[in-house]
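The structure appears right after this line, and notes come after that.
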Amino acid sequence: MASKKIALIGGAGFIGHNLALKLAKRNHEVHVIDGLQINNLLYFADTAHNISNRDLYMKIVTDRLNMLREARVPIIVQDARDYMKLSEELSRIKPDVVIVLAAVAHADRSNKDPHSTFDHSLRTLENALDYSRNNVDHFIYFSSSMVYGNFPGGFVTEETPCEPKGIYGALKFAGEKIVMAYNQVFGLDYTIVRPSALYGERCVSRRVGQIFIENALQGAEITINGTGEDRLDFTYIDDLVQGVTCVIENKESRNQIFNLTYGEGRSIAQMASILNEHFPAAKIKYLPKDILMPDRGTLCVDKAKQLIGYKPEFPLDKGFVKYIEWYKSMAL
């Protein structure tokens with residue numbers, strides 16, 4: 001595959017830095033554009049926020065930046081909400097591929113602060129699209145499994161009608177429609193990626209697996225919202241990164257939507273059970289389920305397997321154990 005010049009907007013985050021490192025190893029020319037404000041260095045450095053595990057998160061986000069620097073991936077500290085500045089940086093890079101990761105990547109925060117979520121999601125997307133419509137060969141947008149809302153029968157394909165619940169899912173779905181509209185009007189080739197329940201090294205987004213491990217390490221209770229039988233398609237970061245690499249390197253991905261998950265719904269109780277094998281003393285407490293959290297399950301990944309050669313390799317029993325071992329190596 002010929003080397004491509006790729007701009008990752010929001011590329012210093014959890015998904016972005018892992019993706020940038022993988023693409024650089026595959027000899028693509030990668031450029032990261034990130035304001036370092038959302039779940040990143042500037043947020044955790046601001047002592048006005050009351051943040052648990054601040055020192056750990058500062059270490060993790062610093063490790064991300066150091067790894068990018070060691071991989072010789074340029075990091076441009078720029079707020080993507082600034083249309084003129086973002087356009088200037090993209091004009092200087094002249095990317096073949098633009099990938100938009102910038103967002104408030106947390107459903108609960110989105111519902112509590114919709115203005116900020118809109119600003120950091122649709123505003124950045126609009127700015128990136130406006131540059132890309134005449135200058136970029138391939139536009140990749142990170143959506144979410146939350147666009148589906150409740151999964152009919154606990155299973156969805158890319159053809160399942162979307163009925164999102166709450167601000168986060170609605171904004172992601174709106175973003176999808178805007179991306180497709182730019183294709184209709186300007187002929188901009190796109191791919192929309194729908195991940196689910198991500199976990200893995202150097203995440204500071206307070207996702208469920210991260211919270212479980214941190215609480216276990218600190219001897220705190222493990223809390224589960226609901227009965228624990230709710231199922232999620234837990235996806236290890238390396239699988240998602242492999243899938244996005246397939247999207248970039250395969251022309252069959254153009255103008256398509258892909259579920260990029262492991263492809264198997266597992267209950268939250270099963271994740272807690274795996275945790276208990278490594279932390280037998282961990283105690284679990286059950287709380288009421290958030291009414292805005294949809295009933296989910298398995299995302300079918302057959303389309304990605306068939307069209308672009310996607311091969312997920314990390315079931316929860318393998319990926320989550322790997323994640324636990326990494327966390328144990330970190331000083332809490």
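FYI, side chains are in, hydrogens and waters are out, and symmetry mates aren't considered; it's all heavy atoms of this structure.
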Salt bridge (charged side-chain N to carboxylate O under 4.0 Å, His left out) assessment of R206 paired with E214: CA-CA 10 Å; R206 301 287 291 168; E214 287 183 6; 2.7 Å; yes
- prompt: Considering residues at least two apart in sequence or located in another chain, which fulfil the side-chain hydrogen bond (donor to acceptor under 3.5 Å, both in side chains) criterion with N127?
  reply: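 Counting only residues at least two positions away or on another chain, N127 forms no side-chain hydrogen bond (donor to acceptor under 3.5 Å, both in side chains).
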query: Considering residues at least two apart in sequence or located in another chain, which fulfil the side-chain hydrogen bond (donor to acceptor under 3.5 Å, both in side chains) criterion with E221?
result: none
field: Cation over ring face, R133 and F186, 6.0 Å, 45°
entry: yes
Return the minimal non-hydrogen interatomic distance between [X] and [Y], and the atom names on each side.
| X | Y | answer |
| --- | --- | --- |
| K311 | E313 | O-CG, 3.3 Å |
| A12 | V32 | N-CG1, 3.6 Å |
| A80 | I9 | CB-CG2, 3.7 Å |

Taking the side chain as C-beta and beyond, is there a heavy-atom pair between [X] and [Y] under 4.5 Å?
| X | Y | result |
| --- | --- | --- |
| F14 | I237 | yes |
| R202 | H17 | yes |
| V321 | F314 | no |
| V247 | I308 | yes |
| I93 | I33 | yes |
| I248 | I6 | yes |

With rounding to the nearest 0.5 angstrom, report the [atom1] to [atom2] distance, [X] to [Y].
| X | Y | atom1 | atom2 | answer |
| --- | --- | --- | --- | --- |
| L171 | I178 | CG | CD1 | 9.0 Å |
| T62 | M67 | OG1 | CE | 13.0 Å |
| I60 | N53 | CD1 | CG | 8.5 Å |
| Y57 | L41 | OH | CG | 15.5 Å |
| T235 | L198 | OG1 | CG | 5.5 Å |
| L56 | I51 | CG | CD1 | 12.0 Å |

Under 3.5 Å, is there a donor-acceptor pair linking the side chains of [X] and [Y]?
| X | Y | answer |
| --- | --- | --- |
| D79 | Q37 | yes |
| K303 | Q256 | yes |
| T261 | D233 | yes |

- request: Using a strict cut-off of less than 4.0 Å between a Lys/Arg side-chain nitrogen and an Asp/Glu carboxylate oxygen, indicate whether E325 and K322 qualify as a salt bridge.
  value: no
field: D137 with R254: basic N within carboxylate O range, under 4.0 Å
entry: yes
- request: Indicate, with yes or no, if I211 and Y286 share a hydrophobic cluster defined by side-chain heavy-atom contacts under 4.5 Å among Ile, Leu, Val, Met, Phe, Trp and Tyr.
  value: no
Shared hydrophobic cluster, F234 / Y148 (ILVMFWY, side-chain heavy atoms < 4.5 Å):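 In one cluster: no.
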query: Counting heavy atoms not belonging to R54, are there more than 12 under 6.0 Å from its CZ?
result: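 For R54, atom CZ is crowded (more than 12 foreign heavy atoms under 6.0 Å).
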message: Would D55 and K59 count as a salt bridge (charged side-chain N to carboxylate O under 4.0 Å, His left out) here? Give the steps.
response: CA-CA 6 Å; D55 291 343; K59 180 180 187 307; over 6 Å; no
query: So, does Y131 use its side chain to make a donor-acceptor pair with the main chain of L90 at under 3.5 Å?
result: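 Yes, because the side chain of Y131 sits within donor-acceptor range (under 3.5 Å) of the backbone of L90.
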- request: Check whether any side-chain N or O of K328 sits under 3.5 Å from a backbone N or O of Y323 as a donor-acceptor pair, and report yes or no.
  value: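 Judged by distance alone, no pair lies under 3.5 Å.
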message: Does the plane of the ring in Y199 sit parallel, tilted or perpendicular to the ring in Y236? Use 30° and 60° as the thresholds.
response: tilted
- request: Apply side-chain contact (heavy atoms from CB on, under 4.5 Å) to I192 and F258, showing your working.
  value: CA-CA 6 Å; I192 292 168; F258 291 107; over 6 Å; no
message: Give me each pair satisfying side-chain hydrogen bond (donor to acceptor under 3.5 Å, both in side chains) with a member in residues 87-102, each pair once, sequence neighbours excluded.
response: E89-R92
message: Filter on side-chain hydrogen bond (donor to acceptor under 3.5 Å, both in side chains), then keep only pairs touching residues 173-183, sequence neighbours left out; what's left?
response: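 Applying side-chain hydrogen bond (donor to acceptor under 3.5 Å, both in side chains) to every pair that reaches into residues 173-183, excluding sequence neighbours, yields S143-E176, E176-R194, N183-N255.
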Enumerate donor-acceptor pairs with a distance under 3.5 Å from any side-chain N or O in residues 274-285 to protein atoms, sequence neighbours excluded.
unit_1: N276; atom_1: ND2; unit_2: F279; atom_2: O; d: 3.3
unit_1: N276; atom_1: ND2; unit_2: A282; atom_2: O; d: 3.3
unit_1: K283; atom_1: NZ; unit_2: A281; atom_2: O; d: 3.3

N/O donor-acceptor pairs under 3.5 Å from side chains in residues 293-302, not counting sequence neighbours:
unit_1: D295; atom_1: OD1; unit_2: K289; atom_2: NZ; d: 2.3
unit_1: R296; atom_1: NH1; unit_2: S145; atom_2: OG; d: 3.3
unit_1: T298; atom_1: OG1; unit_2: G265; atom_2: N; d: 2.6

- prompt: Can D238 and K318 be said to form a salt bridge (charged side-chain N to carboxylate O under 4.0 Å, His left out), step by step?
  reply: CA-CA 12 Å; D238 285 7; K318 181 179 177 182; over 6 Å; no
